[in-house]
Amino acid sequence: MNKQELIEGAKAVLNSNFNEDKGFTIPCEGLYPFQWHWDSGFIAIGFAHYDIEKAKCEIESLLSGQWDNGFIPHIVFHNESDTYFPGPDYHRSDLHPASPKPVKTTGITQPPVLGFVLKEIYDIASNKQDILKFIKRNIDKIYQNHTHFYTHRDPYNEGLVYIYHNWESGTDNSPIWDEIWQTMNPPKYKYERKDTTHVDASQRPTNREYDCYLHLLEIAKAHNYDEGKIAELSPFLVQDPLFNAILIKSNEALIELYQIIGGNNNKIEILKSWQDKAKTRFEEKLFNEELGSYVYYDLRNDKQIAYATSSSFTPLFAGIPNKERANKLVDSLIQNFGSEDLFLCASFDPKSEHYNPVKYWRGPVWINLNWLIYRGLKRYGYLEIAKRLKQETINYIELHGFYEYFDARKDQFENAAYGGKNFSWSAALTLDLLNE
Ligand code: DGY
């Protein structure tokens, strides 16, 4: 496929996943039939390259699911579908008094991409005046979302927020969580999985993992999604370097956008104070010298979870490390994830015994993580490795199409495509890479 064919292919995927009636885009037919939070952010960046109205619509339809307290859920159920479990009747957002009444949502969130997405869209848009109108209409909602995080999800006032569910991380079944699952003893719930009717079970989480996922939701639901109760009771409380890097990058974007808009000095000052605290603590708490990588922190059990993952490299995107630490990080990226037999960037340390090259977030390459790391590498001037990462990302799509995730092993390249087909963010971010 040449560049133009790839661009047309990406647009075709996005257009066919767009729900005209409700004004949002599904991540993938069958497997993910509703609106997902971070998916929509990446999708909006793709739309901005050729249909700015759809980009706006994507964001505003996601924000229609925002709760009165600023919380933005991980799924908004605008439509009915019986191809996904767990759906709206399981999640029961109505249990929380601040949830919106006209639309059902989940009571967990996802990486807070919207701040930096607004800035991306601003940069891409040719009519700056028009896009600024849109940004002015929505920016405070995102600021309120960040306020909610720092108010409810940062118990030690560190500037680092926690997640209370693996689905909040976006990296659903990473080996990072394995030890936490071992501390839990969930009942064997009765339910019918739908994901494994769309995708081979070897590429998806196990049933035991699903029981743990549901158990965390049961705890939250038993307390009507009360943040204080969840902090007290959830066996899963994790400070995630990907989630926090995205929040920090989104803070930075909000500062830049408020400066463009003018006024708003109070909010800018508050955002800056969050940034100072967050970056300092990130550096102190989430770097593991031995691995030369950023890692997750298990806040419930008060210890680092010492594994390198693709998330380890995303602090570059948010400008968190100084140059010396960035050098160390990029060395570990090249040595551990970029050896001669591998394409960049496996989602889990390929040298680890827990690495699984075909299973979801336990090893395969994801286009959105590659995009975040690519942007980070460019930000710091590591242009050669950035170029390699971009080329290898496009190579996957060129050979296989817009799949959900890919095998990092070079000798598997011919059969490297896994998960959902015609996956929206793979299309959207390919468009962004090609339009650079
Ligand atoms: C899933 O169902 O696998 C989703 O990633 C949850 O958000």
Side-chain angles (χ1 to χ4, degrees), residues 17 24-43 62 65 71-79 81-93 104-114 163-177 181 189 191-218 220-221 225 236 238 240 242-243 246 309-311 347-348 356 358-369 403-405 418-426:
N17 286 341
F24 78 95
T25 307
I26 55 168
C28 177
E29 202 184 321
L31 191 57
Y32 307 115
F34 306 110
Q35 183 172 35
W36 262 260
H37 181 155
W38 75 328
D39 293 75
S40 277
F42 293 120
I43 288 165
L62 182 67
F71 179 82
I72 304 177
H74 108 293
I75 304 176
V76 183
F77 301 105
H78 301 284
N79 51 320
S81 171
D82 59 7
T83 70
Y84 181 83
F85 172 84
D89 298 338
Y90 182 85
H91 282 282
R92 294 281 317 273
S93 55
K104 292 176 181 167
T105 76
T106 60
I108 54 177
T109 188
Q110 250 183 348
V113 294
L114 287 185
I163 52 173
Y164 81 85
H165 198 287
N166 56 302
W167 280 336
E168 295 200 306
S169 70
T171 60
D172 298 358
N173 71 334
S174 171
I176 293 291
W177 325 125
W181 305 146
Y189 295 109
Y191 53 90
E192 197 191 329
R193 289 215 15 208
K194 299 285 174 78
D195 57 323
T196 43
T197 65
H198 307 294
V199 168
D200 193 294
S202 66
Q203 298 167 23
R204 295 287 306 176
T206 63
N207 287 341
R208 149 87 183 153
E209 284 168 318
Y210 257 71
D211 284 336
C212 291
Y213 305 172
L214 297 183
H215 194 56
L216 295 175
L217 293 175
E218 289 298 333
K221 281 161 60 178
Y225 290 110
F236 187 114
V238 173
D240 171 340
L242 169 64
F243 196 100
I246 285 180
T309 65
S310 50
S311 305
S347 46
F348 195 75
N356 179 338
V358 308
K359 208 176 183 74
Y360 208 39
W361 289 95
R362 301 181 75 88
V365 174
W366 286 77
I367 302 301
N368 64 335
L369 263 291
Y403 270 84
E404 189 181 4
Y405 42 101
Y418 303 132
K421 210 178 158 183
N422 296 328
F423 194 73
S424 293
W425 82 33
S426 299

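Numbering of ligands and ligand atoms starts at 1, following listing order. Residue numbers count from 1 along this sequence.
Two residues are said to be in side-chain contact when any heavy atoms from C-beta on lie closer than 4.5 Å; Thr109 and Phe71 meet this criterion.
Electrostatic pairing of Arg204 and Glu209 does not count as a salt bridge here, judged by no charged N lying under 4.0 Å from a carboxylate O.
Nearest to atom 2 (O) of ligand 1 by heavy atom, out of Tyr32, Trp36, Tyr84, Trp167, is Tyr84.
With a 4.0 Å cut-off on non-hydrogen atoms, Tyr360 touches ligand 1 through its side chain and not its backbone. The residue Glu168 has no part lying near ligand 1, judged by heavy-atom distances below 4.0 Å.
Considering Phe348, Phe423, Trp366, Trp361 in turn, Trp366 is the only one that fulfils the ring pair (Phe, Tyr, Trp, His ring centres under 6.0 Å) rule with Tyr405.
Look at Asp172 and you'll find a heavy atom under 4.0 Å from some atom of ligand 1.
A cation-pi contact, defined as under 6.0 Å to the ring centre and within 45° of the axis, is absent between Lys104 and Phe34.
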